[in-house]
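Predicted model only: the values in this text are computed from it and were never measured. We use all heavy atoms of the structure for the numbers below, so side chains are in, but hydrogens, waters and symmetry mates are not. Proteins get letters first, then strands, A, B, ... in listed order; numbering begins at 1 in each.
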There are 2 protein chains.
Amino acid sequence: MARRPVTTAKSPSDLDARKATILDAVVAEHIDTAQPVGSSSVATIAHLAVSPATVRSEMVALEREGYLAQPHTSAGRVPTDKGYRYFVDHLKSGAVSSAQQVQVRDFFANVRGEVEDVLEQTSSLLSRLTNYTSVVVAAGHSHATILNVQLVSLDARHQILVTVFSDGAVVKHSVVSSFDASFEEVAEASRQLNALLVSTNLEDRVQVPSRTDPVATLVREAASVLFAERPTADGDQVFIGGSSRVAEVFDGVETVRKVLSILEQELLVVSLIQDILDQGLSVAIGSEHGYEALSACAVIVAPITIDGENAGAVGLLGPTRMKYPEALAAAAMVSAQLTRHFDRDDDLG
Amino acid sequence: MARRPVTTAKSPSDLDARKATILDAVVAEHIDTAQPVGSSSVATIAHLAVSPATVRSEMVALEREGYLAQPHTSAGRVPTDKGYRYFVDHLKSGAVSSAQQVQVRDFFANVRGEVEDVLEQTSSLLSRLTNYTSVVVAAGHSHATILNVQLVSLDARHQILVTVFSDGAVVKHSVVSSFDASFEEVAEASRQLNALLVSTNLEDRVQVPSRTDPVATLVREAASVLFAERPTADGDQVFIGGSSRVAEVFDGVETVRKVLSILEQELLVVSLIQDILDQGLSVAIGSEHGYEALSACAVIVAPITIDGENAGAVGLLGPTRMKYPEALAAAAMVSAQLTRHFDRDDDLG
DNA sequence: CGTTGGCACTCGGTAGAATGGAGTGCTAAT
DNA sequence: ATTAGCACTCCATTCTACCGAGTGCCAACG
């Protein structure tokens, strides 16, 4: 892991070696200090055997080409989103500190419990590892087949429909029947639903009986609730870890508010992550994803696969000046371990 | 609704009428302006036919008694937690604006879907209504009886145990069997589990068969997973709405961070709410709940009951200088409507 | 040519100093 | 008991000066 290209390197404009070094130094330093960085600092840091003046003239070029910006005349330079992009694209993939490696391995060696709990805790882990807010998305089960359906009577007019999918997901639906249904009718409906639905998936709209006897009616009503399912989400689940980091990591109440507000809308988060993956990126910087409110953010994404199938993704949300090498490495490591965890889980099963 | 005493009025130290009026004015004004309030403002606002000088001498008394504090000499007064407490205890319960009443009624007239979704949306509603962060807690089903148990085979070594409770809750457990179980064995185990567990609840530790045949083993393994259940939470569910409000409403990054960090820990939130209810309060101000990190907060709580039974609570989290009348009224209204919603739901079922 | 030292200039940040004003506490008079 | 009067305090704001980091430009240099 971690020796794949960090993102799709669509290197149209490759900078000459010295410009690249300078840009790199500016970005790295700015990430470190959060301050505009000046020509003399760069000259020192980058171990270039040139004077600040030379660096300066290179920097005007870099600014003209859109990699750097000046907050105001006579301040140092700050990277633009394009600058960060270059930095990220040309990153030698960083290593996770061995202490962290141990931490992650320990974690996966010891987690128990339901998938949901594991993912929740993973999100928390990733956030602790990086000090950024973490997002774990578990892909929905739209293509999973139904293993079992159970209709359970709560009272005469209320039933609970429980559906178990082949990926282990369990979904509950409340059914309100149009007539008083007896225990026997519910039990019979349950049997028929099973016969009808097992090994289908939600995409195939199974034909339900059109008869008008109580049991058939019940079957129809239950099935319709099941198929009414989520016009929006595919049943994706979202686990957000370390949302309090938002307050540490961004400055400006307004930014914090905006980001939190986005995080509240899980559907939005899912499509954000999905969009980034669809673009073939592993990092989206500033406005690269379309989300206005997140223009101060960078988002790191790493997919999770189970048995080669897309099973979701882990994400990290930080300021554009986030610590990319560490964060990328952490995300990659966690996603890999997660993938392995679930694969292995199946193996020894 | 809304004409019950706002909290347990344990009025030991009742202030004389004028002091009360003054305190009231100070608190109200400070809530409004977030500024220390001076004697002359009070004299004006409170419609007291006395001069600022008189107000001043009353204020020194109120300060001595711990209701008010001065940020520094020659600033106005600010309420202490004790001051807020008095204010809240002597509040004429405020009315919800009729526009909001309509909004709430509309909401409850139109919500559909699973209980969880309703609660989630309710939390969001309450937050929008008040501009504070809202918490909705749904009490666990520890006392609910089991209606149905289903063991479903995923593969030879993995089964899913689905339990349906009389309150409509559905809980899923992954079971990893110690041997390769056939479909038939799983099905038989499922039957036996049903026979064994239906109409019991999780408190009664049902005796499981000690035989060593495959089916009995499976039954034992499944049951043990079920009973291993939550040493911590009672399966309470927490829905937090408007966490982004935290950023608007508190000042100081550190405070925001602390509050968000608390909100992340759902177990903690549950016990916070529970503690407050146990104290018989409907508002906890500053350090009245024991949570250090929330000393800048006030928490409003209103219980939800279904058929007279405690079914959870709604809560609001704001700064100590929150708009108590509105917030209390909104919380009361929403909790009442929620209660009615679920009761009515049962009626017309 | 690219590189560099020199230099004037810019502009944000900070530290004082001055000022204004809101609010107090005290006191003496009613 | 109330209150007008008054001296005092102290915070917030404004203004100033100024320092210094950093720039852009230019002339000189290899």
Enquirer: Could you tell me the separation between the NE2 atom of B:His30 and the P atom of C:dG23, rounded to a whole number of Å?
Expert: 13 Å
Enquirer: Would you say B:Tyr324 and B:Ile285 make side-chain contact, with heavy atoms under 4.5 Å?
Expert: yes
Enquirer: Would you please classify the geometry between the B:Tyr86 ring and the B:His90 ring as parallel, tilted or perpendicular, with 30° and 60° separating the classes?
Expert: parallel
Enquirer: Expressed as a whole number of angstroms, how long is the span from A:Gln35:CD to C:dG12:P?
Expert: 15 Å
Enquirer: Starting at atom CG of A:Leu48, determine the distance to atom P of C:dG2, rounded to an integer number of angstrom.
Expert: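 Value for this atom pair: 17 Å.
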Enquirer: Can you give one letter per nucleotide of nucleotides 24-30 of chain C, going 5' to 3': B for a protein heavy atom under 4.0 Å from the base, S for sugar-phosphate only, - for none?
Expert: BBB----
Enquirer: Test: side-chain hydrogen bond (donor to acceptor under 3.5 Å, both in side chains). Region: residues 20-35 of chain B. Which pairs qualify, not counting sequence neighbours?
Expert: B:His30-B:Tyr84
Enquirer: I need the CG-C1' distance between A:Leu62 and D:dT23, as an integer number of Å.
Expert: 15 Å
Enquirer: Taking side chain to side chain contact (heavy atoms under 4.5 Å, CB included) as the definition, give me every residue that meets it alongside B:Val50, ordered by chain and number, with sequence neighbours left out.
Expert: B:Arg18, B:Leu48, B:Thr54, B:Val55
Enquirer: In chain order, what residues pass the side chain to side chain contact (heavy atoms under 4.5 Å, CB included) check against A:Pro319, with sequence neighbours excluded?
Expert: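 For A:Pro319, the residues satisfying side chain to side chain contact (heavy atoms under 4.5 Å, CB included) (neighbours in sequence not counted) are A:Tyr132, A:Val249, A:Phe250, A:Arg321, A:Met322.
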Enquirer: Rounded off to whole Å, could you give me the NZ-to-P distance for the B:Lys19 and D:dA1 pair?
Expert: 11 Å
Enquirer: Hey, could you give me the CG/OG1 distance between A:Leu316 and A:Thr130, rounded to the nearest 0.5 Å?
Expert: 4.5 Å
Enquirer: Base, sugar-phosphate, or nothing: which does B:Ala43 touch, judged by heavy atoms less than 4.0 Å apart?
Expert: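 Nothing: the residue B:Ala43, judged by heavy atoms under 4.0 Å, touches no strand.
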Enquirer: Could you tell me whether the side chain of A:Leu15 reaches within less than 4.5 Å of the side chain of A:Glu65, counting heavy atoms only?
Expert: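 Yes; the side chains approach each other to less than 4.5 Å.
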Enquirer: Using atom names, set out every protein N or O paired with an N or O of nucleotides 16-20 of chain C below 3.5 Å, distance rounded to 0.1 Å.
Expert:
none

Enquirer: Which residues satisfy the side chain to side chain contact (heavy atoms under 4.5 Å, CB included) test with A:Ala296, sequence neighbours excluded?
Expert: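 In terms of side chain to side chain contact (heavy atoms under 4.5 Å, CB included), with neighbours along the sequence ignored, A:Ala296 is linked to A:Thr255.
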Enquirer: Rounded to whole Å, please give me the gap between CG in B:Leu68 and P in C:dG23.
Expert: 14 Å
Enquirer: Using side chain to side chain donor-acceptor pair (under 3.5 Å) as the criterion, point out the one residue from A:Glu264, A:Gln265, A:Arg257 that pairs with B:Ser244.
Expert: A:Glu264
Enquirer: NE2 of B:His72 versus C1' of D:dC8: gap in Å, rounded?
Expert: 14 Å
Enquirer: Expressed in angstrom and rounded to an integer, what is the separation of A:Arg18 atom CZ from C:dT4 atom C1'?
Expert: 12 Å
